[in-house]
2 protein chains.
Amino acid sequence: MKIPDSNIVRCSECPIRHRAVCARCDDDELGILEGMKSYRTFAAGDPILWRGEELVYVASVVSGVATLSKTMEDGRTQMVGLLLPSDFIGRPGRQEIDFDVTATTDVTLCCFSRRPFEKLVDETPHVAQRLMELALDELDAARDWMLLLGRKTAREKVATFLEMLARRSRNPDADGTQHEMTLPMTRDQISNYLGLTLETVSRQLNALKNDKIIAFIDRRNFEVLNLAALHDATGDDNDGGMIS
Amino acid sequence: MKIPDSNIVRCSECPIRHRAVCARCDDDELGILEGMKSYRTFAAGDPILWRGEELVYVASVVSGVATLSKTMEDGRTQMVGLLLPSDFIGRPGRQEIDFDVTATTDVTLCCFSRRPFEKLVDETPHVAQRLMELALDELDAARDWMLLLGRKTAREKVATFLEMLARRSRNPDADGTQHEMTLPMTRDQISNYLGLTLETVSRQLNALKNDKIIAFIDRRNFEVLNLAALHDATGDDNDGGMIS
DNA sequence: CGCCGGTTTGACATACTTCAAGAGAAGTGG
DNA sequence: CCACTTCTCTTGAAGTATGTCAAACCGGCG
């Protein structure tokens, strides 16, 4: 279901220009990238890369949401990453990846052939530097997620997930109420993200509703009624790590 | 309990020369690092860095094992990384880290002041490139661990941990038996690594013993009697990701 | 209208935790 | 060398959060 996309945007006008792998590039370097890139779009639900598939392209997410997931032989699956605009797919120096990449919403990628890109990484310090920063950021996120997977209760997991969504789409009212937000995935996908079953996710979501912490508009849309209570339910520190 | 260590090894003779952050450096670049570095040693159990502490140094692990861990307000803790020789501590461009670093065995670090090191990363492409590779490797390991934390059973977790140790200290006999190996941590630390309680770890270790998959020499030393059965118990694929 | 995927809800099962006691090893000081 | 403490580990019994299985619900769509 790959749809080659013809309306290539100029890098200088690219929405992820300042955050993606090209963020530190100067105009000359950008010119080189401009000549290498091609866009690809995927519809919601489409697979982008299969585990073990040869990695022909590496890419930046331009728009949409994609997920990384690992699946065991008996079908148990665990999401191990969420790719948002400006996040990078693939790694220079490796021929394949050992997880699946799937489009959760419609996704547009800015693709580079792997081989020429690897050459570029070797020759263009600004790209390697930025790639390092992106990898370290992902590592931080992965470590937070490990704490969640290993030690948090079901309620804390769900609350953490909702709080993350709330932080992402910053639009709080003066009173701390957060207006209409959308769950970007099904209950099943959320459960794979949180290391739970879909039934438990459903129950915890309704428990938070009954506690007046969130309210549902419909099954996919909700609002946060009490951001402080939501935060309390996450089990996270209040202060973000200040020494007390 | 920091003990400045005087016997500085020449970089060219350093045991981690070919794997650490300096792996890609040429002789000139190595000379610069040589002038910046200093060694520090920590005794088993010592804290190396506290969460939120100002990051004065970044460092490579020269010898020993250190762990990264996160702790919640109520004391639940989860290890989020294992640092072995050649692994890197700290990140350029950030003033603090949000996890604790602790020496599990006696540890020697090769330290660089953060500020000058950051400057070096900007100016020395080989360092940024290597740092990127190290970060991507750690990311791969973190993702495997997320699958374990989110989806594996207690038995699978313990088996996976033992198999990892076995793979690390490669010394199998012809028949696949693996001779004396050492658990580098207490049951409590293992449980924090695996997202379990120490009791569950103890029970699963004894279950593997009763199944004749491992045998204990004493509480800290064991041998793998049946590597194939151990692998089966991990729940992982047999083939490492080939397309079938 | 009737199907269909996603979701909710209930009843039940169970893997893991929690709590508690005790056994082994290892160190310490007399 | 022997108490004595301390720490780690084992083992048992009981509790509980979450998973499993199953049925029903709901909104959308052909």
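What you see is a predicted model, and the numbers here were worked out from it, not measured in a lab.
- Distance B:Gln189 CD to D:dC9 P: 9 Å, rounded to the nearest Å.
- For the pair A:Gly195 and B:Arg151, the tightest heavy-atom approach, listed with the atom from each and the gap, is C-NH1, 3.5 Å.
- Out of D:dT18, C:dA25, C:dT8, the shortest distance to the side chain of B:Arg219 is found at C:dA25.
- Residue B:Thr200 places at least one side-chain N or O under 4.0 Å from the OP1 or OP2 atom of C:dT17.
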*Check against side-chain hydrogen bond (donor to acceptor under 3.5 Å, both in side chains), B:Ser202 and B:Glu199*: CA-CA 5 Å; B:Ser202 177; B:Glu199 293 95 330; over 6 Å; no
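- Distance CZ (A:Phe216) to C1' (C:dT7): 11 Å, rounded to an integer number of Å.
- If you check every strand for non-hydrogen atoms under 4.0 Å, A:Asp218 touches nothing.
- Nearest to the side chain of B:Arg203, among C:dC16, D:dT18, D:dG12, sits D:dG12.
- Salt-bridge check for B:Arg51 with A:Asp237: passed, with a basic side-chain N closer than 4.0 Å to an acidic carboxylate O.
- As judged by a 4.0 angstrom heavy-atom cut-off over every strand, B:Thr186 is placed among residues touching the sugar-phosphate backbone only.
- Distance B:Ile190 CD1 to D:dT8 C1': 12 Å, rounded to the nearest Å.
- For the atom pair CD (B:Glu96) and CG (B:Leu49), the distance works out to 11.0 Å, reported to the nearest 0.5 Å.
- In the set D:dT18, C:dC16, C:dA20, the nucleotide with an atom closest to the side chain of B:Leu196 is C:dC16.
- Closest to the side chain of A:Glu199, out of D:dA22, C:dT7, C:dG24, is D:dA22.
- In this structure, B:Leu198 reaches neither bases nor backbone, as no heavy-atom distance under 4.0 Å exists between it and the strands shown.
- Expressed to the nearest 0.5 Å, how far CZ of A:Arg94 lies from CG of B:Asp140 amounts to 4.5 Å.
- Taking side-chain N and O atoms only, A:Ser202 has a distance below 4.0 Å to OP1 or OP2 of C:dT8.
- Summarising the geometry, the separation between CG on A:Leu183 and P on C:dG6 is reported as 14 Å, rounded to the nearest angstrom.
- Nucleotide C:dT17 holds its C1' atom 13 Å from the CZ atom of B:Arg76, rounded to whole Å.
- Look at CG on B:Asn221: it is 16 Å from C1' on C:dG24, rounded to the nearest Å.
- In this structure, B:Phe222 atom CZ and D:dT10 atom C1' are separated by 18 Å, rounded to whole Å.
- Put simply, NZ on B:Lys157 is 14 Å from P on C:dA15, counting in whole angstrom units.
- Among the nucleotides C:dC16, C:dT8, D:dT10, the one closest to the side chain of A:Arg187 is C:dT8.
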